[in-house]
Amino acid sequence: MRASRLLSILMVLQARGAVTAQALAEECEVSLRTIYRDIDALSAAGVPVYAERGAGGGYRLLEGYRTRLNGLSAQEAQALFLSGLGDAATALGLGAVLAAAQTKVTAGLPANLRSAAARMRARFHLDAPGWFYEAEEPPFLQAVAAAAWEQHLIEICYQSWRAEKRRRVAPLGLVLKSGAWYLVGAVDSSVRTYRISRIRELEPLAERFEPPAGFDLAAWWGQSTRRLEAEMYPNQATVRLSPLGLRMLEHVTPSFSRAGMVVGEPDAEGWRIVTLRVGSLWEASSELMRFGAEAEVLEPPELRARVKETLEQMRQRYTP
């Protein structure tokens, strides 16, 4: 581990120029005392590293010195494939490994490409969770990830919206969706999805498994989400919307609900009749009432009656 850390320090100095001891300690996730010992070890090995004092100082390599020792370890090479996931790599316990891999790749680039890579990192940032939602940090995330990577079965106690159940699962992969982590796992002969934050207990098992032949995580997830959306929005509603209500559509309804939406011509008051996908009677009434007075439900009759009934109950509740 120390040899890998010394190489990482060397690559950081080569890629960034002057670097403080504190920054190196944070990069390598070790103490300042360890960094001082590592710098001494590099100097003893003939690496021309020296310290600059002052506000802009730090450790630096002698001008013009370069090393080609930038080979990636197996774990670093694997972590590179998580480089687009932002804080997800840290949540999986691979933050330091990924940082070391990126540093080695940067150090191996010519000077002009290193500056271009630095600009790219400075100008683009991935923030996966939706607005006003925080990213989940499930307690069993790293254990699930390790089992998926090593292809070991796990036994979980899972809290669904119906009940708490125990399952013996073959973890086929993990998916990060809008800040939430999901486990795609095989149970008996079927592939299912589990939200990792709802796992109450987890026991890694010694027994290994082989993924189903030809299983593609990305393809399966795409098909699964499309099927789920179709199941959740199987009905249609016809609604009369004001000009403001029409502008609210994008913010109030999900994109799948608006897929295939039909918008009529404006009437004399600028209102339009819109047909869009909706879920169950309860879900549709709750969703459409978010428009307030900017919408009028026309069809189906039972949805219109449900909205009227809810409004009447609200009127009674708010009437002195």
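Counting non-hydrogen atoms of other residues, nucleotides and ligands closer than 6.0 Å to OH of Y50 gives a total above 12.
Atom CD of Q316 is separated from atom OG1 of T319 by 7.5 Å, given to the nearest 0.5 angstrom. Note: L176 CG to I196 CD1 = 9.5 Å, rounded to the nearest 0.5 Å. With rounding to the nearest 0.5 angstrom, the CD atom of E283 is 11.5 Å from the CG atom of L303. Between L288 atom CG and T253 atom OG1 the span is 9.0 Å, to the nearest 0.5 Å. For the atom pair Y194 OH and S160 OG, the distance stands at 9.5 Å (nearest 0.5 Å). Atom-to-atom distance recorded for L298:CG and T238:OG1 is 6.5 Å, nearest 0.5 angstrom.
Nearest heavy atoms, V169 versus G185: CG1-CA, 3.6 Å. Between L183 and P171, the closest heavy-atom pair is CD1-CB, 3.6 Å. Nearest heavy-atom pair, I154 versus P204, reported as atom, atom and distance to 0.1 Å: CG2-CA, 4.2 Å. The shortest heavy-atom contact between M248 and R290 is CE-O, 3.8 Å. Summarising the geometry of P234 relative to G279, their closest heavy-atom pair is CD-CA, 4.1 Å, with the distance given to 0.1 Å. Contact detail for L249 and M261: the closest heavy-atom pair is CD1-SD, 3.6 Å.
With hydrogens and angles disregarded, a donor-acceptor distance shorter than 3.5 Å links the side chain of H152 to the backbone of A206. A donor-acceptor contact shorter than 3.5 Å is absent between the side chain of D38 and the backbone of L6. Here the side chain of Y158 pairs a donor or acceptor atom with the backbone of R195 at under 3.5 angstrom.
Applying the side-chain hydrogen bond (donor to acceptor under 3.5 Å, both in side chains) test to R315 and every residue at least two apart in sequence or in another chain returns E312. Annotation: side chain to side chain contact (heavy atoms under 4.5 Å, CB included) contacts of W282 (sequence neighbours excluded): S280, S286, R306. Legend: residues meeting side-chain hydrogen bond (donor to acceptor under 3.5 Å, both in side chains) with R192, ordered by chain and number and at least two apart, are S190. In terms of the side chain to side chain contact (heavy atoms under 4.5 Å, CB included) criterion, residue partners of S242 (sequence neighbours excluded) are, by chain and number, L244, W271, E294. Taking Q22 as the reference, E26 meet the side-chain hydrogen bond (donor to acceptor under 3.5 Å, both in side chains) condition, with sequence neighbours excluded. Every side chain to side chain contact (heavy atoms under 4.5 Å, CB included) that A230 has, sequence neighbours left out, goes to F256.
Residue pairs meeting the salt bridge (charged side-chain N to carboxylate O under 4.0 Å, His left out) criterion with at least one member in residues 205-223, sequence neighbours excluded: R168-E207. Within the structure, the salt bridge (charged side-chain N to carboxylate O under 4.0 Å, His left out) test picks out the following pairs touching residues 147-165 (sequence neighbours left out): E155-R166. Counting only residues at least two apart or on different chains, the salt bridge (charged side-chain N to carboxylate O under 4.0 Å, His left out) pairs with a member in residues 269-279 are R240-E269. For the side-chain hydrogen bond (donor to acceptor under 3.5 Å, both in side chains) condition, the pairs that include at least one residue of residues 51-62, sequence neighbours left out, are E52-R60.
When hydrophobic residues (I, L, V, M, F, W, Y) are linked wherever their side-chain heavy atoms come within less than 4.5 Å, V278 remains an isolated member. In this structure, Y182 belongs to a hydrophobic cluster whose other members, linked by side-chain heavy atoms under 4.5 Å apart, are L153, L172, V175, V184, V191, L205, F209, F215, L217, W220, W221.
Annotation: side chain of S255 is not in contact with side chain of E250 (no heavy-atom distance under 4.5 Å). The closest side-chain heavy-atom distance from L276 to Q236 is not below 4.5 Å. Counting only heavy atoms from C-beta outward, the side chains of I9 and C28 approach each other to under 4.5 Å. In this structure, the side chains of R16 and E27 come closer than 4.5 Å at one or more pairs of heavy atoms.
Linking Ile, Leu, Val, Met, Phe, Trp and Tyr whenever their side-chain heavy atoms come within less than 4.5 Å puts V49 and L24 in one cluster. Under the 4.5 Å side-chain heavy-atom criterion for Ile, Leu, Val, Met, Phe, Trp and Tyr, Y233 and V263 are members of distinct hydrophobic clusters. Taking hydrophobic clusters as Ile, Leu, Val, Met, Phe, Trp and Tyr residues chained together by side-chain heavy-atom distances below 4.5 Å, L228 does not share a cluster with V187.
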Practice item. For the pair L174 and L141, evaluate side chain to side chain contact (heavy atoms under 4.5 Å, CB included) and give the outcome as yes or no after the intermediate values. Key: CA-CA 9 Å; L174 284 74; L141 176 60; 3.6 Å; yes
Review point. Passes side chain to side chain contact (heavy atoms under 4.5 Å, CB included), V262 versus V274? Steps please.
Key: CA-CA 6 Å; V262 178; V274 177; over 6 Å; no
Exercise for review: Apply side chain to side chain contact (heavy atoms under 4.5 Å, CB included) to M289 and V297, showing your working.
Suggested key: CA-CA 9 Å; M289 287 186 65; V297 177; over 6 Å; no
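Considering E309, E299, E296 as possible partners of R304, the one that fulfils the side-chain hydrogen bond (donor to acceptor under 3.5 Å, both in side chains) test is E296.
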